[in-house]
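I have placed the structure first, in the form of structure tokens, so that the comments after it can refer back to it.
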Amino acid sequence: MLVSLDHFSSGARSPVTREQLLSLSGLQRLQRVGFRLWMDEGPDLLVRIRRARGGVVAVEFSVGELPPVERERAVSAVRRTVGRACVLCIGFVVDRSGVTAGTDWDGVVIEGSAPLDCWPDAVAVRAEIAYRHPQLTVMDATTISPWKVFGSAVPSL
């Protein structure tokens, strides 16, 4: 199910085939696309793919709306997927509760410049970004190649 993200028809839903979704997620014609993803017979979650700064493509999973058991299943699945695509992934953020929703994550992960007013469960960035970021550069990190990972959930990653 494709979910409209533009402000004129926000939330409008359109059924799409797998092939249509893959074509749309390439962002050739759109700046962003949103869709609902179902895990087995359980609840669904909103997934957004958008063109971020510097030509980077950001993939966002709204796990905060899921019940705790399903949220952990989703976070685990995303973690495994990110691990398999680590060469292509410049960073990631795990924020189970959504407390950092207002953070400029493009500015943190891509540019290494935006401030962190509150902390997610984990944030991972490339080493050159960590060294450039004024808060991350003075913090202890765990190296999980190719990233420097910060936060309270690092041991569970």
Side-chain angles (χ1 to χ4, degrees), residues 1-16 18 21-22 24-27 30-54 56-86 88-126 129-130 133 135-136 139-142 144 146-157:
M1 187 68 62
L2 190 67
V3 180
S4 175
L5 298 176
D6 68 39
H7 65 279
F8 297 113
S9 58
S10 185
R13 298 173 181 208
S14 306
V16 293
R18 180 178 186 271
L21 177 61
L22 290 173
L24 289 169
S25 66
L27 303 177
L30 302 171
Q31 288 297 308
R32 59 189 179 157
V33 63
F35 57 94
R36 297 302 247 174
L37 180 65
W38 279 265
M39 301 183 313
D40 301 324
E41 297 298 318
D44 63 323
L45 69 143
L46 178 62
V47 178
R48 291 179 293 282
I49 303 172
R50 64 179 175 81
R51 191 165 308 285
R53 296 180 208 151
V56 172
V57 173
V59 182
E60 302 167 341
F61 299 87
S62 296
V63 297
E65 62 194 35
L66 295 173
V69 171
E70 285 83 1
R71 180 173 44 237
E72 291 310 310
R73 282 184 55 215
V75 168
S76 179
V78 170
R79 250 191 343 245
R80 286 191 308 273
T81 302
V82 166
R84 286 191 295 266
C86 67
L88 301 172
C89 180
I90 64 168
F92 62 89
V93 177
V94 177
D95 180 8
R96 289 173 175 89
S97 64
V99 69
T100 66
T103 300
D104 175 10
W105 286 115
D106 291 356
V108 173
V109 175
I110 299 168
E111 298 166 351
S113 59
L116 292 166
D117 296 327
C118 49
W119 286 88
D121 300 299
V123 58
V125 297
R126 298 287 175 133
I129 296 297
H133 192 278
Q135 291 164 284
L136 298 180
M139 295 186 65
D140 290 332
T142 300
I144 302 175
W147 309 290
K148 296 286 186 185
V149 187
F150 306 85
S152 61
V154 173
S156 67
L157 293 179

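For this chain, numbers begin at 1 and follow the sequence in order.
Rounded to the nearest 0.5 angstrom, Asp106 CG and Arg50 CZ are separated by 4.0 Å. Between the SG atom in Cys89 and the CH2 atom in Trp147 there is a gap of 5.0 Å [rounded to 0.5 Å]. Interatomic distance, CG of Leu136 versus NZ of Lys148, reported as 11.5 Å (0.5 Å rounding). Atom CG of residue Asp104 and atom CD of residue Glu111 lie 7.0 Å apart, to the nearest 0.5 angstrom. The distance from atom OG1 of Thr103 to atom CG of Leu116, rounded to the nearest 0.5 Å, is 6.0 Å. Separation of atoms OG (Ser62) and CZ (Arg71) is listed at 12.0 Å; rounding is to 0.5 Å.
For the pair Phe150 and Ala130, the tightest heavy-atom approach, listed with the atom from each and the gap, is CZ-CB, 4.0 Å. The nearest pair of heavy atoms linking Ile90 to Ile110 is CD1-CG1, 3.8 Å. When every heavy atom of Leu66 is checked against every heavy atom of Glu70, the shortest pair comes out as CD1-O, 3.9 Å. In terms of heavy-atom proximity, Gly91 sits nearest to Val109 at CA-CG1, 3.8 Å. A pairwise comparison of heavy atoms in Val63 and Ala74 identifies CG1-CB, 4.0 Å as the closest pair. Of all heavy-atom pairs spanning Pro146 and Cys86, the tightest one is CG-O, 3.6 Å.
Side-chain atoms of Thr81 and Phe61, non-hydrogen and from C-beta on, never get closer than 4.5 Å to each other.
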Which atom pairs, one a donor and one an acceptor, fall under 3.5 Å between side chains of residues 117-125 and the rest of the protein, sequence neighbours left out?
unit_1 : atom_1 : unit_2 : atom_2 : d
Asp121 : OD2    : Arg96  : N      : 2.8

